[in-house]
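The structure under discussion appears below in the form of C-alpha cells.
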Amino acid sequence: MTDTTSNKMWGGRFAAGPDAIMEAINASIGFDKRMAAQDIAGSRAHAAMLAATGILSDKDAKDIREGLLTILSEIEEGRFTFSAALEDIHMNVESRLKELIGDAAGRLHTGRSRNDQVATDFKLWVRDQLDAAESGLLALIDALLGQAEAGADWVMPGFTHLQTAQPVTWGHHMMAYVEMFGRDLGRMRDARARMNESPLGAAALAGTSFPIDREMTAEALGFDRPAANSLDAVSDRDFALEFLGAASICAMHLSRFAEELVIWSSAQFRFVTLSDRFSTGSSIMPQKKNPDAAELIRAKVARIFGANTALMMVMKGLPLAYSKDMQEDKEQVFDAADNLMLALAAMEGMVRDMTANRTALAGAAGAGFSTATDLADWLVRVAGLPFRDAHHVTGSLVALAEKQGCDLPDLTLDQMKSAHADITDDVFGVLGVENSVNSRMSYGGTAPEQVRRQIARWKEILS
Ligand code: ARG
C-alpha cells in the first residue's frame with residue numbers, strides 16, 4: 001500500500017510518502033522486532049543517562065522509562081501493532097511512546113541516532129546468543145564426558161581414511177569431541193570479551209554535542225566500556241561476524257560427529273543405538289529407524305556457514321560509516337543462531353540417550369589387522385629392528401594372514417618366524433586389542449588411564 005503521508009519520524013523534508021515497493025525494500029520491522037527487548041533496554045539506559053546529565057528533566061525521563069516498560073509488556077503479550085510504514089523496531093517503539101506519553105517521547109532521541117541505536121541493540125542480541133551458545137556447548141560437553149566415563153576402556157576401531165587403523169577406546173573418541181567443542185567454547189568466550197564495548201552515544205557517526213555520559217549507559221547495559229571511535233562504533237559488525245565464524249566452526253564439528261553417528265547407527269556398523277526419542281521411522285519400511293536428527297545436524301553447517309559468507313559479502317567494501325546495506329546483517333545472524341542452538345540441543349539429547357554397543361565395538365576393534373603397528377613396534381623394541389624394516393616384516397605377515405583368511409593373532413609361531421627369525425612367543429602378548437590400547441600411554445594417547453586423566457582435567461576445568 002502506498003503511503004501518501006510522509007514518515008512521521010523523518011518526514012520533515014518530504015512532501016510525499018514512499019512508494020509501496022520502497023517501503024517493502026526499506027522496512028526491517030518484519031525481522032528486527034526480535035530485538036524489541038534490547039531496543040527498550042537501550043532506550044531506558046539512554047533516558048536515565050540524559051536525566052543524570054541534566055539534558056532531560058527527571059519528569060520526562062520518568063515518563064519515558066515507564067512508557068517504554070508499558071511497550072515492552074505490550075510486545076511480550078502480543079498486544080503491539082507493528083507498522084511497516086514505521087520501518088523498524090526503533091521507530092515503532094518511539095512512535096508508540098508518543099501515543100502513550102505525548103511530546104516527551106520526542107526528547108528520547110536527543111544525543112543519539114538510529115545508527116548507534118541499532119548497533120547497540122544488535123550487539124546486545126548477539127551477546128545473548130554467545131551466552132546461549134556457551135550454555136549449549138557446556139551441556140553437550142557434559143553429555144560427552146558421561147559417555148567417555150562410562151566407556152573409558154571400551155575398545156573400538158580407530159580409523160584413518162575410514163579404514164581400520166589402530167584400536168582406540170570409546171572414551172578416547174568421545175573426548176576428541178570434548179576437545180573440539182571445548183575450543184568452540186573458547187571461541188564464543190573470546191568473541192564475547194572482545195565485542196563487549198558500547199556503541200551507544202556514537203550517535204549518527206561523529207558523536208554528539210550534548211554532554212552525554214557514555215560510561216553510564218555502557219555500564220547500565222553490561223558493557224565493559226564505551227567503544228572508543230564513533231565512526232567505528234556505528235559501522236562495526238565484527239561482533240556478528242565473529243559469532244558467525246565461531247558458529248560455523250562449531251557447526252562443522254557438529255556435522256562431523258553427526259556423520260559418525262549416521263555411520264555408527266547403521267546395520268553394517270551397529271556401534272551405537274540411538275534412542276527412539278531422537279530417531280524417526282519410515283512411512284513405508286516398518287523396520288526402519290532413521291537418524292534424522294543427526295542428518296539434519298550434519299546439514300545445518302550449510303546455512304550457518306552461508307550466513308557467515310553472506311554477512312562478509314554485505315560488509316565487504318562498505319565505506320565508513322553506516323550504510324543501509326548493514327540492515328542485511330540481522331536475518332542471517334538470527335537464522336544462524338536459531339539453528340546453531342537447535343543443533344547443539346539436539347546433539348546433546350542424542351549423546352545423552354545413545355547406547356554404545358560394547359560387543360560390536362570390541363568385535364570390530366580387532367578386525368582389519370588393527371594391531372599390525374603393535375607388532376611392528378614389538379619388532380623395534382624387542383628384536384631391535386629399525387622401524388622401516390619392522391614395518392616391512394609386519395606387512396609380509398599381514399599379507400600371509402590375509403591369504404590364510406585369519407587375523408594376526410591366529411598365525412602360528414612358525415609362520416611368524418618365517419617372516420623374521422627373532423620373533424618369539426612373546427609377540428602374541430601385543431597382538432590383542434586390549435594390550436594395544438593399554439600400551440598407548442603417551443600423553444593424550446588412547447590408554448584408558450590417559451583417557452581418565454583427560455576426563456578429570458575437563459571436570460576440573462568445568463567446575
Ligand atoms: N533499520 C536500520 C538497520 O537495521 C536501522 C538504522 C537505520 N539508520 C539509518 N540511518 N537509516 O540498520
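Every number for a ligand or one of its atoms is a count from 1 in the order of the listing.
Between Phe334 and Trp125, a ring centre-to-centre spacing shorter than 6.0 Å is recorded.
Here Asp63 pairs with Lys59 in a salt bridge; the nearest charged N to carboxylate O distance falls below 4.0 Å.
Geometrically, Arg127 engages Phe223 in a cation-pi contact, judged by NZ or CZ lying under 6.0 Å from the ring centre and within 45° of the ring axis. For the pair Lys330 and Phe31, the cation does not sit on the ring face, since its NZ or CZ is not both under 6.0 Å from the ring centre and inside 45° of the axis.
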Ligand 1 N/O to protein N/O, distances under 3.5 Å:
| residue | atom | partner | partner atom | Å |
| --- | --- | --- | --- | --- |
| ligand 1 | 1 (N) | Ser28 | OG | 3.2 |
| ligand 1 | 1 (N) | Asp88 | OD2 | 3.0 |
| ligand 1 | 1 (N) | Gln327 | OE1 | 2.7 |
| ligand 1 | 4 (O) | Lys330 | NZ | 2.7 |
| ligand 1 | 8 (N) | Asn115 | OD1 | 2.9 |
| ligand 1 | 10 (N) | Asn115 | OD1 | 3.0 |
| ligand 1 | 12 (O) | Tyr322 | OH | 2.5 |

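Applying the salt bridge (Lys or Arg N to Asp or Glu O under 4.0 Å) criterion to Asp32, with sequence neighbours excluded, gives no partner residue.
Looking at Gln454 and Arg457, their side chains do bring a donor and an acceptor atom within 3.5 Å of each other.
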